[in-house]
Amino acid sequence: MKRPTSDKPGQMWGTIVFVFVLACSWAALAQTGAPPVTEPQAVGPGPGGGITVQVAYTISLKSAVNHIAHVAIRLRPLAPNRPYRVQLPVWNALYQVRDFAQYARAVAAHDDDGGAVPIRLVDKTTWEADIDSRTVTFEYDVVADNPGPFGAELNDRHAFFNLAEILMYPVDLRDGWMQVTFTDVPPAWKVATSLRQIRTNLLLARNYDELVDAPVELGTFQESVLAQRGAEYRVVVDADPSDYDMSAISRMAYKLAATEVEWMQDWPAGHYLFIYHFPRHPAGGGMEHADSTAIDAPAERVKANPLSLADVTAHEFFHLWNVKRIRPQSLEPVDYTKEQYTRALWFSEGVTSTVADFVRVRAGYLDEKGFLAELAADIRQLESRPARLTQSVEEASLDAWLEKYPAYELPERSISYYNKGEIVGLLLDLQMREVSGGKKSLRDLFHWMNEHYAKQGKFFPDSAGVREAAETVTGADFRDFFARYVSGVDAIPYDKFFATVGLRLQRQTITAADAGFRSVRHLGRPATVISVSPGSEAEKAGLRRGDTIQEVNGRVSEFLPETEISSIRVGDRVDLRIDGAGGQRHIKFKVGARPVENYILVEREDATATQRARRAAWMRGDSE
Ligand SMILES: [Zn+2]
């Protein structure tokens, strides 16, 4: 997953980000051994005798204008005297408890004769019905008004469903075949999903994990399909057609996908779906799934530069392997009822960004100068957070669930496992090259993990599994590296690593525009101020912790307001439109100045031809 921030001028798709990962058991991914798919009955064996659908969902879009989906779940009989229990996940897609039950209304149940079946609420997210050996149908309304790649949104223009937000699962039948039928769909609407599509409005999944690992877009989207070497890529865009260039975006997506398939020397999916939304309001983020991704970006930016989507697209597509198939043991099996803790997000997310950097260089979307500038910006972000010396990147992974709290996001409290994970990935690659005389690299590590875990249907034992892969591939000892930079909080000796590619890190103190406050943003909502610097112009003008910033100089921004302000000249005036305890107000002040540590990667005077050659190979993720 990736969400846009803000800490990195010059790089749109940044750093902090949360995460997610979805329920996908290996069996669900492998898709082998499935009987021939024939049109299934609502409940019972299909006409071809192949698949027995155990759970049939119907989603009515009749109340689209009110953002309400009506859901019916028809369950086949259970063993006698066993109550039917259904649950709505408390989390999915983001590593964040979002309690989807808050959107469910008027939950009821009936039998096939229409007779009401009494139900009771077991806990905040579980309902139970007593009924013996009869088919039962649960029904409820769900408010779907959360736009974005992690959300569920239904309106009169389109629908995008992360199905985990709207579909309860039967506790005892999570592993059965499931079908979803959409009804009351406007005639002009199409349906896009990576699930098996029996008819336009009828989808089939092997189990609940597979079902909710495939978002569904319904509407009048534009699409493009490319068949390439036995694989089918499909790009679907839901946006105003005047806001984007379909051919530029699909060309980019195809090129990045082909580059990654070549880099991995593997193609585990028969087909892959890119879903893009470009709304005309602040938006952003990407969400990976087993055979698809959903990516949001503001129309204004995409119109100005379609290639600004390359970073997030490369990142999400690489999740096809890293996290979806090369998957940490700690994320399996998925528990939808509570937080699922893992120390491996630095690898599953951060190192995914490392590879996305290589891939953008290989595909021609990033040059050496841009690569080094982005790396220097990543280093500046990490070095500007005092918590780098108290929170390891493994601990940041475990603490992902705290990212919704503003206090947690303070630089004294936390680092980003995306940010440090990406840096650690680049340094791990350099170290692997160094100890193997340039023969082995991160690419070999991923090939090894793909062979030994993904293709065997096994999960890797978190950081220990990554270390084992690095050691097996190179024959060297990586205990010290992992103890210092993965489980530990040692200061990173950058120059020791960068010297191997003829580079050094130059630190310089520069005077930069100072907003005088810090803020955080979550899921497309306006920024909330989390701290105001004592004595700053912002404080003198009346800005307070907890204030919400709606606009900076009359503009709604997709970035953090302090990032916007950092591009304003020192001494110029800034006007913030604020929502706070006292209602709406404007705060105006002169932009202050502060010294900041800046970092640049420069070539060493004594760089050798061998080091330069290794640098070129490193940036492309090439073997030497
Ligand atoms: Zn990600």
Side-chain angles (χ1 to χ4, degrees), residues 1-8 11-24 29 91-96 148-151 162 213-215 253 256-257 260 263-264 269 272-276 283-297 309-328 330-331 334 340 342-360 374 378 381 393 396-401 403 415-426 442 446 449 454 460 462 466 522-524:
M1 177 257 149
K2 212 160 195 290
R3 85 171 148 88
T5 98
S6 51
D7 259 19
K8 275 199 230 181
Q11 191 192 359
M12 295 277 204
W13 292 89
T15 36
I16 300 183
V17 197
F18 344 125
V19 173
F20 148 74
V21 170
L22 193 28
C24 49
L29 293 174
W91 74 279
N92 172 271
L94 294 172
Y95 294 108
Q96 213 177 88
F150 334 101
N162 168 3
D213 200 9
L256 288 168
E260 294 190 14
W263 196 76
M264 283 301 288
Y272 191 90
L273 169 67
F274 297 88
I275 301 173
Y276 292 99
M287 187 62 236
E288 72 276 9
H289 298 280
D291 300 310
S292 61
T293 181
I295 291 171
D296 279 30
L309 294 166
D311 191 7
V312 65
T313 301
H315 176 104
E316 301 307 338
F317 190 78
F318 194 65
H319 277 311
L320 174 67
W321 293 275
N322 201 23
V323 104
K324 282 298 159 192
R325 288 165 173 83
I326 301 174
R327 188 158 175 83
S330 47
L331 291 176
V334 178
Q340 189 144 7
T342 174
R343 292 176 191 272
L345 296 182
W346 70 271
F347 182 73
S348 296
E349 288 297 346
V351 183
T352 292
S353 289
T354 305
V355 175
D357 292 344
F358 298 154
V359 167
R360 281 187 297 146
E374 287 191 11
D378 286 333
Q381 186 196 336
V393 77
S397 304
L398 270 183
D399 280 344
W401 300 90
E403 284 175 338
I415 60 165
S416 158
Y417 50 83
Y418 282 85
N419 172 231
K420 187 172 175 184
E422 183 176 352
I423 294 170
V424 167
L426 286 163
L442 204 56
F446 272 105
M449 292 184 79
F460 69 90
D462 292 25
V466 183
H522 287 294
L523 302 179

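Any value given below was found using the heavy atoms of this structure, including those in side chains, with hydrogens, waters and symmetry copies removed. Counting starts at 1 for both ligands and their atoms, following the listed order. Residue numbers run from 1 in the order of the sequence given.
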Rounded to 10°, the NE2/H315 to the Zn ion (ligand 1) to O/M1 angle comes out at 90°

For Y272, the ring-ring contact (aromatic ring centres under 6.0 Å, His included) test, sequence neighbours excluded, returns F274, F317

_Under the rule for side-chain hydrogen bond (donor to acceptor under 3.5 Å, both in side chains), what residues qualify as partners of T293, not counting sequence neighbours?_
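Partners of T293 under the side-chain hydrogen bond (donor to acceptor under 3.5 Å, both in side chains) test: none.
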
Worksheet item: Under 3.5 Å, is there a donor-acceptor pair linking the side chains of H315 and E288?
Response: no

May I ask you to check whether Y418 brings an N, O or S atom to under 2.8 Å from the Zn ion (ligand 1)?
-> no

- Nearest to the Zn ion (ligand 1), which N, O or S atom of E349 do we find?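 The E349 atom nearest to the Zn ion (ligand 1), restricting to N, O or S, is OE1.
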
(request) For this output row, return yes or no: ring centroids of F318 and F358 closer than 6.0 angstrom. (result)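 They do not qualify: ring centres at least 6.0 Å apart.
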
